[in-house]
Amino acid sequence: MLDIKYIAENPEVIKEGLAKKGYTKEDIDIDALIALYKDINKLKTSSQALSEEKNKLSNSIKSASAEERPAIIAKSKQIGEELKVEQEKLAAEQEKFDMVMWRMPNMPSPESPVGKDDSENVVRRKVGELPKFDFTPRDHIELMELNDWSEMERIAKVSGSRTYAIKNDLAKLELAMHMMVLDKLRANGFTVITVPSISKEKPLYGQGYLPFSRDEVYYMPADDLYLSGTAELILNSLRADEILQENELPILYAGFSPCFRREAGAAGKDTRGLVRVHQFMKTEQFVICKNDVAESEKWHKKLLQISEEVLQDLELPYQVLEVCTGDMGAPKYRQYDLEAWVPSQNCYRETHSCSNITEWQARRTNLRYRDNADGKVKFVHTLNNTGIATPRALVPFIENHQNADGTINIPEKLRPYMGGVAKIGKNA
RNA sequence: GGAGAGUUGGCAGAGUGGUAAUGCAGCGGAUUGCUAAUCCGUCAUCGGGAAUACCGAUGCACAGGUUCGAGUCCUGUACUCUCCGCCA
């Protein structure tokens with residue numbers, strides 16, 4: 001959500017930002033929005049004048065004589081009727097206004113590359129050497145079958161498509177990755193927190209998932225509850241409506257949760273294996289900091305650095321992508337994606353997504369803090385990034401670290417979490 | 001699932017139909033001075049206004065209702081606590 005005063009004062013800046021994000025005048029008409037805002041203010045002023053008159057009359061009744069009262073009450077009632085009409089008009093206009101405001105995307109950073117879709121994202125750097133195999137490498141599905149690590153066909157019968165069941169050392173590896181990342185985040189000052197995957201509707205608006213992507217989220221009508229696609233959803237609303245003290249900031253959460261996604265828009269893509277599933281586990285980095293772009297950009301870089309370290313610790317070659325304005329989601333000010341190399345697909349695949357949301361979510365959740373410098377109440381900035389998401393991260397992991405005999409090498413940094421072993425697999 | 005109690009500012013906490021006390025913390029200012037206090041203001045949102053002057057509206061969990069007037073009365077909902085029941 002944006003500040004309507006800023007919009008009214010800088011309509012051209014907003015129009016430019018909307019255009020960069022791929023919005024047309026038909027999507028959001030800024031001039032009409034500002035006109036509506038001015039109308040609403042006029043209505044507010046006139047209905048407030050009525051309220052004032054009514055309040056004065058009501059307050060005068062107590063001290064009025066018995067003879068005076070009926071006339072005052074009659075007048076007050078009449079003003080009440082007028083006021084009701086004004087307020088109904090105001091509520092209708094306000095609803096129209098809110099509808100547009102809830103759909104207004106964040107403005108992109110001036111640093112973000114301008115582009116229309118994912119083809120215009122910019123590779124900032126590539127890190128790590130691509131593996132060279134002196135044998136024909138297997139894809140992750142073959143490796144799982146070879147090592148008795150999965151029950152992919154059976155679980156589809158039980159739970160439907162795009163689900164997974166992995167077992168033995170691969171199941172252990174999945175949890176080990178989360179433990180490794182949680183330890184790293186704790187060492188960086190994050191509070192480790194496990195959160196539910198169940199959410200009421202309001203947090204989905206707070207995050208900015210609704211009203212944009214209703215098709216993507218599981219909904220349980222019997223209880224009017226949703227299944228969370230990421231701990232970001234929960235963490236973003238955990239402190240909603242609070243006014244924090246500045247010295248409580250920054251708040252750093254390392255949130256772990258099962259995550260659920262309908263993948264409605266991904267029909268036909270990645271249907272086999274572990275790349276795209278309806279339920280997965282994610283350790284999420286979430287930051288709440290002061291309302292200062294220099295400060296949140298500093299945290300954005302820090303979050304990116306942590307997740308790069310994760311991929312380096314896992315000894316995976318990856319690239320850092322700066323996401324262009326047209327490919328960013330509505331909430332985002334600036335976004336980096338990390339993509340790890342997947343040998344069987346001969347390309348990089350996304351493992352992390354790192355975003356600075358600035359105050360856009362905080363306005364939606366009404367999360368503020370009192371600034372020490374001027375005593376004013378301001379909206380915080382929020383940021384989020386993947387810590388590690390499994391089973392997707394297992395795909396590049398087992399493919400990059402495979403040997404000719406189907407065993408998988410365990411990088412040194414992960415060994416403490418795997419009982420010290422250097423290699424897993426049937427032939428290990 | 002059942003019964004009862006509760007929800008007032010950043011926090012604590014009064015207020016049983018007539019303009020939301022007070023304390024603590026924070027911020028700003030003043031004063032005394034000697035390293036701590038005292039006093040004043042401010043301290044939720046919005047509108048008018050050049051304004052950090054001033055005026056006004058809204059705000060007591062949320063949504064309705066009764067009333068000239070609701071924190072206070074009525075209805076519904078959410079949440080918290082206590083007890084009972086069930087349960088991995």
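Chain letters run A, B, ... following the sequence lines, proteins first, then strands; residues in each count from 1.
- If you take CG of A:Asn59 and P of B:G17, they are 17 Å apart, rounded to a whole angstrom.
- Atom CG in A:Asp371 sits about 13 Å away from atom C1' in B:C43, given to the nearest Å.
- Among the heavy atoms of the strands lying under 4.0 Å from A:Ser76 are primed sugar atoms or P, OP1, OP2 only; no base atom is included.
- Exactly one residue among A:His278, A:Glu174, A:Glu151 makes a side-chain hydrogen bond (donor to acceptor under 3.5 Å, both in side chains) with A:Tyr164. That residue is A:Glu174.
- Residues A:Val287 and A:Lys302 form no side-chain contact, since every pair of their non-hydrogen atoms from C-beta on lies 4.5 Å or further apart.
- The side chain of A:Lys54 approaches B:G69 more closely than any other nucleotide in the set B:G18, B:G47, B:G69.
- Contact check, A:Arg368 against B:U45: a side-chain N or O comes under 4.0 Å of OP1 or OP2.
- The six-membered or imidazole ring of A:Tyr333 lies away from that of A:Trp360, with a centre-to-centre distance of 6.0 Å or more.
- Using modelled atom types and a 3.5 Å distance limit, the side chains of A:Thr24 and A:Asp27 yield a donor-acceptor pair.
- Nearer the 5' end of RNA chain B, as judged by each residue's closest nucleotide, is the contact made by A:Ser51, out of A:Ser51 and A:Ala74.
- In this structure, the CD atom of A:Glu52 is 13 Å from the C1' atom of B:U19, given to the nearest Å.
- Between A:Lys75 and B:C68 there is no side-chain polar atom (N or O) within less than 4.0 angstrom of OP1 or OP2.
- Proximity of residues 30-49 of chain A to RNA chain B (heavy atom under 4.0 angstrom from any strand atom) is restricted to A:Tyr37, A:Asn41, A:Lys44, A:Thr45, A:Gln48.
- Residues from residues 198-211 of chain A with heavy atoms under 4.0 angstrom of RNA chain B, sorted by number: A:Lys200.
- Close to B:A57, at under 4.0 Å from its OP1 or OP2, lies a side-chain N or O of A:Asn55.
- Taken residue by residue, residues 239-247 of chain A places heavy atoms nearer than 4.0 Å to RNA chain B at A:Ile243, A:Gln245.
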